[in-house]
Asker: 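What follows is a single structure, and I will ask about it in a moment.
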Amino acid sequence: MVTTERPPHRLRAWMLEGLSDMGKAGGHTGPHAEPEPPHQGQRWWRVMCLTGVDYFSTLGYQPGIAALAAGLLSPIATIVLVLVTLAGALPVYRRVAKESPHGEGSIAMLERLLSFWQGKLFVLTLLGFAATDFLITITLSAADASTHLVQNPHLTSALHDKQLLITLLLVALLGAVFLKGFLEAIGVAVALVGVYLTLNVVVVITGLWHVVTAGHVVTDWSSALTAEHGNVFVMIGVALIVFPKLALGLSGFETGVAVMPHVRGDAGDTEEHPAGRIRDTKKLLTTAALIMSCFLIATSFITTVLIPEKEFKTGGQANGRALAYLAHEYLGSAFGTVYDISTIAILWFAGASAMAGLLNLMPRYLPRYGMAPHWARAVRPMVIVFTLVAFLVTWVFDANVDKQGGAYATGVLVLISSAAIAVTIAAHKAGQRGWTIGFAVISAVFLYTTVVNVIERPDGVKIGACFIAGIVLVSLLSRLARAFELRVTQVQLDPMAERFIRDMSHRRIRFIANKPGLRDKAEYRDKIEQIRIDNDIPMTEDFVFAEVTVTDPSEFEAGLTVRGEVLHGRYRVLTLEHSSISNALAALLLHVRDMTGCTPHIYFEWTEGNPFANFLRFFLFGQGEVAPVTREVLRLAEPNRARRPRVHTG
């Protein structure tokens, strides 16, 4: 069908560029970028750097947050964090990589376990926490980047009260880059990560040298630690209690799985069995976790023993920039400034990584659920939405790194907990008893950590709840607004159904919409008689029955399968399977019209009951007042009234 449409406005066309591709099978999955060609991509260590701009950049603020949360116990609490990372998060995400090798992540694993509306609402809830994770990554990273800029000795006098403005400008710059067109810059990520980690190695070695040469700092620290906590068992117990506050150090694993499609793998990999990609992604996750673990332990130790406690607090020179403080203090202003520039660059790029994650994640689910407007398939409108939300979050938290830590940790922990639960279920279904028990224990640890974090820092779950409420509300309103769209992706006829339609094409094509009951001879005989009387149709006309079986009514788009059969030796019946009766019948009529060149007719009887209640039944369960809804779906799908199939109701 060809329809004449007005050419779109230039601005509208630019904003909606890529609308038909985003979120659809076979379409690109990155902002303004085609995916890597099949079985190609980048070496795993290069892709690790793309993950690393999110994961490794937390060194910019993690030591300071750990010192504020655990005080003198920061190194011990960090060791607990590292053990949880290596023994908990790493095995979980290695299994996630195996179960979802195309970058779907743990959300897709859980989605496959649930159907109907409870599955959709559960996924929307997880998307809310994922949005919390990624958006707070953008705002927190920008806030910490502005902290490094403001606290630089050469700039502090000029910029000391401009941190909020600078953070907003960094977020706006990030949005502007994506509006222009952001390409997957793995090469840039490799350079940034390489420089940043090298500078951190210099800072760590220098810090350790000062610890060794000034031996009293370790003695002073251990004496103060013993005086405050007594013995090592009390220290370990307190470290376990404060561990949830350090959960920011667990970020990056979800991103590591999301970038899997960029990993090259082996030449023999197929999309169904990408064994090489899975193996190399496991290398990626393991290497990143080991590198980060070493840095976390070393940096938490040197910052705790070398930096005065007061400097970690709000207004202190080490607040949000502990390693930068050491770089300036021990390596001079020039090196410190280079370190600041490197930190600002990788933190800003971490925001870019998070924005790319959002733009990849939302179109994967919301359009398929019918829970996003059409423009949500395009990148640029979504960039504007996410940028405005990031502005709001930055303003609410006053561009303060410490204030955003709770919300960030909540998003990270909920995603890791959901991943742990998903792999536990996967191991159980695979009959792997040992792995099931192990993953169940890991799930319990992360659930405990999440609950403790929520209790101690409820601001995280509050902002997460706001994201969830916003996503659910907008999703339901969008689904409501799109309720009458034709949402059948394809129509498949079996040979018998095709034979019925070819036979009817030689005369007037008439269908009877029938709600199947006993499917006995009397049901079909009485139905035909009723339709003839209600519509005054001659006895010479014949009919084909169309009966729809509703599958999962919460699915928005689905294919339509049509099977033909002859019942009781004389009644021809087409059996359809779809998530909505009205959409299935409308799609069948349009397909028959295009297939035969004839205008089909369909006959209904009015549905009893309240119209509003019937609409809710259609919206939630795919049933309800079928006749007028079928007609409305046809009206929207075919603007040309002369070509529109005819709907009769008696």
Side-chain angles (χ1 to χ4, degrees), residues 1 25 486-532 534-535 537-553 555-605 607 621-623 626-627 629-631 633-634 637-638 643-650:
M1 180 184 69
L486 182 66
R487 36 198 170 103
V488 174
T489 55
Q490 61 179 349
V491 179
Q492 291 184 334
L493 306 176
D494 76 351
M496 183 65 76
E498 189 169 342
R499 178 180 170 185
F500 290 168
I501 292 169
R502 295 292 183 193
D503 178 62
M504 287 192 296
S505 65
H506 300 296
R507 49 193 179 278
R508 193 173 297 277
I509 302 175
R510 299 185 188 272
F511 293 103
I512 294 177
N514 183 51
K515 181 179 181 181
L518 298 175
R519 304 191 85 197
D520 57 7
K521 184 184 296 185
E523 176 182 334
Y524 295 105
R525 182 189 63 234
D526 295 344
K527 188 73 173 184
I528 289 177
E529 185 64 23
Q530 177 189 340
I531 293 298
R532 290 190 192 279
D534 289 345
N535 297 276
I537 298 175
M539 294 290 292
T540 55
E541 296 289 343
D542 64 344
F543 300 91
V544 171
F545 289 90
E547 300 178 345
V548 181
T549 300
V550 177
T551 51
D552 182 355
E555 289 291 335
F556 188 74
E557 295 180 341
L560 177 63
T561 303
V562 184
R563 295 190 300 272
E565 56 184 327
V566 178
L567 297 181
H568 310 296
R570 58 178 298 185
Y571 300 111
R572 293 174 295 174
V573 180
L574 295 180
T575 302
L576 295 73
E577 293 183 355
H578 193 258
S579 59
S580 165
I581 295 176
S582 301
N583 264 273
L585 294 174
L588 173 67
L589 295 173
L590 291 171
H591 184 78
V592 169
R593 180 205 63 185
D594 295 339
M595 179 179 172
T596 64
C598 304
T599 301
H601 296 247
I602 189 167
Y603 297 85
F604 296 89
E605 60 176 298
T607 304
F621 307 113
Q623 305 178 37
V626 178
V629 175
T630 303
R631 195 266 177 188
V633 172
L634 287 169
E638 176 51 84
R643 288 178 47 81
R644 194 181 301 155
R646 303 294 190 260
V647 175
H648 307 268
T649 308

Asker: Looking only at atom types and distance, does a side-chain atom of T549 sit under 3.5 Å from a main-chain N or O of E577, one as donor and one as acceptor?
Answerer: no

Asker: Given side chains that start at C-beta, do those of R631 and S582 come closer than 4.5 Å, heavy atoms only?
Answerer: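 They are not in contact (no side-chain heavy atoms under 4.5 Å apart), so the answer is no.
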
Asker: Looking only at atom types and distance, does a side-chain atom of N583 sit under 3.5 Å from a main-chain N or O of V488, one as donor and one as acceptor?
Answerer: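 Checking the backbone N and O of V488 against the side chain of N583, no donor-acceptor pair under 3.5 Å is found.
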
Asker: Do V566 and V573 make a side-chain contact, defined as non-hydrogen atoms from C-beta onward lying under 4.5 Å apart?
Answerer: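 Counting from C-beta outward, V566 and V573 never come under 4.5 Å.
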
Asker: Supply the atom-to-atom distance F511 CZ to F500 CZ, rounded to the nearest 0.5 angstrom.
Answerer: 10.5 Å

Asker: Hey, could you give me the CZ/CG distance between F543 and N514, rounded to the nearest 0.5 Å?
Answerer: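 Spacing of CZ (F543) from CG (N514) equals 12.5 Å.
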
Asker: K521 versus Y571: any side-chain heavy-atom pair under 4.5 Å?
Answerer: yes

Asker: Are side-chain heavy atoms of H648 and D534 found at a separation under 4.5 Å?
Answerer: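 No, every pair of side-chain atoms sits at 4.5 Å or beyond.
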
Asker: Less than 4.0 angstrom from a charged side-chain N to a carboxylate O is my criterion; do E638 and R643 meet it?
Answerer: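 A salt bridge links E638 with R643.
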
Asker: Is any side-chain heavy atom of R572 closer than 4.5 Å to one of M504?
Answerer: yes

Asker: Taking all non-hydrogen atoms of both residues, which atom of L574 and which atom of G564 are closest, and how far apart?
Answerer: CD2-CA, 4.0 Å

Asker: What heavy-atom pair brings I531 and F604 nearest, and what distance separates the two atoms?
Answerer: CD1-O, 4.2 Å

Asker: Examine distances only and state if a side-chain atom of D503 and a backbone atom of R499 form a donor-acceptor pair shorter than 3.5 Å.
Answerer: no

Asker: Testing the 3.5 Å rule here: is there a donor-acceptor pair between the side chains of R519 and Y524?
Answerer: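 Yes - a donor-acceptor pair under 3.5 Å links their side chains.
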
Asker: Got a donor-acceptor contact below 3.5 angstrom from the E498 side chain to the L493 backbone?
Answerer: no

Asker: Taking atom CD of Q492 and atom NE2 of H591, what is their separation to the nearest 0.5 Å?
Answerer: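 Going from the CD atom of Q492 to the NE2 atom of H591 covers 9.5 Å.
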
Asker: Taking H578 for the side chain and L560 for the main chain, is one N or O donor matched with an acceptor at less than 3.5 Å?
Answerer: no

Asker: Is the closest side-chain heavy-atom distance between R510 and D542 below 4.5 Å?
Answerer: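 R510 does not reach D542 side chain to side chain.
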
Asker: Students often mix this up, so state it plainly: with edges at 30° and 60°, are the rings of Y603 and H601 parallel, tilted or perpendicular?
Answerer: parallel

Asker: Ignoring hydrogens and angles, tell me if any N or O in the side chain of R646 forms a donor-acceptor pair with the backbone of R644 under 3.5 Å.
Answerer: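 Yes, the answer is positive, given that a donor and an acceptor are paired below the 3.5 Å cut-off.
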
Asker: Quick check: closest heavy atoms across L585 and A513, and the distance to 0.1 Å?
Answerer: CD1-CB, 4.0 Å

Asker: Between CD of E529 and CD1 of I537, what distance do you get to the nearest 0.5 Å?
Answerer: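 That separation rounds to 11.0 Å.
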
Asker: Hey, are E605 and T649 close enough side-chain-wise for a donor-acceptor pair under 3.5 Å?
Answerer: no

Asker: So, for C598 and S505, which heavy atoms are closest and what is the spacing to 0.1 Å?
Answerer: SG-O, 3.7 Å

Asker: Does the side chain of M595 reach to within under 4.5 Å of the side chain of I501, using non-hydrogen atoms?
Answerer: yes

Asker: Do I602 and L589 touch side chain to side chain, with heavy atoms closer than 4.5 Å?
Answerer: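 With C-beta onward as the side chain, the pair touches.
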
Asker: Please report the closest heavy-atom contact between L590 and P645, naming both atoms and the distance.
Answerer: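 In this case the closest contact between L590 and P645 is CD2-CD, 3.8 Å.
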
Asker: Can you name the closest pair of heavy atoms from A584 and L576 and give their distance?
Answerer: O-CD2, 3.7 Å

